[in-house]
Amino acid sequence: MNPHLNRSRRQLLASGLAAAVAVPVFSLQARAQGRPVLKAGDQKGGLRALLEAAGGLEGLGYDIQWSEFPAAAPLAEALNAAAVDSGPIGDAPLIFALAAGTRVKAIGANRSDSYGTAVLVRPDSPLKTAADLKGKSIATNRGSIGHYVTLKAITAAGLKPEEVNIRFLAPADAKLALTQGSVDAWATWEPYTALAEVSRHARVLVSGRGLLPGLSYLAATDAAIAAKRPVLQDFLQRVVKAQLWSYRNVDAYSAALARIIGIPPEAAKLQFERRQQKWVPIDAQVIADQQGTADFYRQVGLIRQPLDVKGTFDTGFGVTG
């Protein structure tokens with residue numbers, strides 16, 4: 001086992017779980033009546049905002065206890081600790097979590113345009129291409145899709161991972177480090193990319209378009225799958241329907257998203273429209289693309305052992321639009 005993984009897991013468990021904002025939406029009476037409770041992890045601008053905007057939480061036969069995390073890595077640690085049952089996670093963070101021994105499976109998959117997963121620089125930065133990152137400092141979350149796009153961008157430019165200085169910082173700290181000039185670049189994802197662009201704090205140096213498969217997942221713990229399968233199936237289907245609603249109501253959803261997560265409406269609409277997310281079946285192509293991510297992580301030394309991803313999917317959850 002990679003010692004860096006063990007150390008990072010301890011750090012993230014200590015900081016990520018403590019930083020999570022748990023927002024119970026169930027009553028003591030409901031609990032007493034024995035209604036199931038889904039402990040749902042989320043990220044900023046994620047599933048809760050989507051479901052609330054679309055009215056997708058009406059008529060639930062179970063209660064939801066939400067916990068919000070600043071990035072996928074602490075969410076993965078919460079899954080590992082059974083603090084949450086499920087949560088949205090990108091393809092690269094899922095590989096990192098599985099390699100660290102987290103007992104989770106992907107139960108739903110979606111594809112999106114990867115432009116907003118990007119390496120950002122200050123507007124006045126002299127850097128023009130990924131090759132210019134040689135010897136430069138890049139802030140991102142360890143094991144995140146920002147980490148992934150950094151490594152893909154520099155290797156595609158002919159650089160080795162050791163030829164850049166990656167500093168592992170949470171999104172808020174990374175943004176501050178970039179704007180204050182203590183790092184040269186920041187590798188991040190939506191809605192942070194759109195927010196940085198709209199506020200003119202940064203510009204895209206390298207986007208993930210053409211570098212990443214654009215996959216992300218709804219993941220659930222093995223224990224939750226065994227005990228709460230009907231609840232997870234219902235929750236996933238509500239997310240799928242809410243996503244379809246959002247693209248039929250772009251302006252309404254963008255306005256609601258901006259209000260819910262506290263970002264300018266133009267940033268909410270920009271990140272939403274260009275992502276073009278679509279929930280898809282977990283098919284052979286999804287599994288092959290995920291295997292490619294795992295193989296790349298091993299190639300660059302982030303995981304030490306080969307990882308066969310087929311066993312990390314549960315294909316028994318239907319996705320219907």
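Just the heavy atoms: all of them, side chains too, but no hydrogens, waters or symmetry mates, feed the values below. Just so it is clear, the structure is predicted and the values come from calculations on it, not from any experiment.
Taking the six-membered ring where the residue is Trp, the centroids of F96 and H147 are separated by 6.0 Å or more. Ring to ring, F296 and Y148 are close: their centroids are under 6.0 angstrom apart.
If you chain together ILVMFWY residues whose side-chain heavy atoms come under 4.5 Å of each other, V198 ends up grouped with L270.
Hydrophobic clustering (side-chain heavy atoms under 4.5 Å, transitive across Ile, Leu, Val, Met, Phe, Trp, Tyr) keeps V121 apart from I145. Hydrophobic cluster membership is shared by L60 and L47, with clusters built from Ile, Leu, Val, Met, Phe, Trp and Tyr side chains linked at under 4.5 angstrom. Both L79 and F69 sit in one connected hydrophobic cluster of ILVMFWY residues. Membership requires side-chain heavy atoms under 4.5 Å apart, directly or through other members. The hydrophobic clustering, which links ILVMFWY residues whose side-chain heavy atoms are closer than 4.5 Å, places I138 and Y297 together. Hydrophobic cluster membership differs between F272 and V204, with clusters built from Ile, Leu, Val, Met, Phe, Trp and Tyr side chains linked at under 4.5 angstrom.
At least one donor-acceptor pair under 3.5 Å links the side chain of S182 to the backbone N or O of A177. In this structure a side-chain-to-backbone donor-acceptor pair under 3.5 Å is present from S125 to L127. In this structure, the side chain of K228 does not engage the main chain of D85 through any donor-acceptor pair within 3.5 Å.
The line from CD1 of I89 to CD of Q43 is 7.5 Å long, rounded to the nearest 0.5 Å. To the nearest 0.5 Å, atoms NZ (K44) and CG (L257) are separated by 9.0 Å. With values rounded to the nearest 0.5 angstrom, R48 atom CZ is found 10.0 Å from L51 atom CG. Note that CG of L38 is 4.5 Å distant from OG of S86, once rounded to the nearest 0.5 Å. Taken from CZ in R122 to CG in D184, the straight-line distance is 6.5 Å, to the nearest 0.5 Å.
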Output side-chain donor-acceptor pairs under 3.5 Å for residues 279-289, partner residues at least two apart or in another chain, one line each.
| from | atom 1 | to | atom 2 | distance (Å) |
| --- | --- | --- | --- | --- |
| D283 | OD1 | Q285 | N | 3.2 |
| D283 | OD1 | V286 | N | 2.9 |
| Q285 | NE2 | D289 | OD1 | 2.9 |
| D289 | OD2 | R111 | NH1 | 3.1 |
| D289 | OD2 | R111 | NH2 | 2.6 |

Considering only distance and modelled atom types, tabulate donor-acceptor pairs under 3.5 Å from the side chains of residues 152-166, sequence neighbours left out.
| from | atom 1 | to | atom 2 | distance (Å) |
| --- | --- | --- | --- | --- |
| T155 | OG1 | L151 | O | 2.7 |
| T155 | OG1 | K152 | O | 3.2 |
| E163 | OE1 | K160 | N | 2.7 |

Would you be so kind as to tabulate the donor-acceptor pairs closer than 3.5 Å made by side chains of residues 212-222, with sequence neighbours excluded?
| from | atom 1 | to | atom 2 | distance (Å) |
| --- | --- | --- | --- | --- |
| S216 | OG | N110 | OD1 | 2.9 |
| S216 | OG | N110 | ND2 | 3.3 |
| Y217 | OH | Q290 | OE1 | 2.9 |
| T221 | OG1 | A224 | N | 3.0 |
| D222 | OD1 | K105 | NZ | 3.2 |

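A salt bridge does not link D63 with K39: every distance from a Lys NZ or Arg NE/NH1/NH2 to an Asp or Glu carboxylate oxygen is 4.0 Å or more. Comment: D234 engages R238 in a salt bridge, judged by a side-chain N to carboxylate O separation of less than 4.0 angstrom.
Listed by first then second residue, pairs satisfying salt bridge (Lys or Arg N to Asp or Glu O under 4.0 Å) with a partner in residues 250-279 read E190-R274, E197-R274, D251-K269, not counting sequence neighbours.
G101 and N80 get closest at one heavy-atom pair: O-OD1, 4.1 Å. For the pair T129 and L205, the tightest heavy-atom approach, listed with the atom from each and the gap, is N-CD1, 3.6 Å.
Every residue meeting the ring pair (Phe, Tyr, Trp, His ring centres under 6.0 Å) condition with Y192, not counting sequence neighbours, appears here in chain and number order: W189.
Stacking of R229 on the aromatic ring of F317 is recorded, both the 6.0 Å distance cut-off and the 45° axial limit being met. With F168 as the aromatic partner, R142 meets the cation-pi criteria of under 6.0 angstrom to the ring centre and within 45 degrees of the ring axis.
Of the listed residues (D132, L211, T150, V149), just one forms a side chain to side chain contact (heavy atoms under 4.5 Å, CB included) with V206, and that residue is L211.
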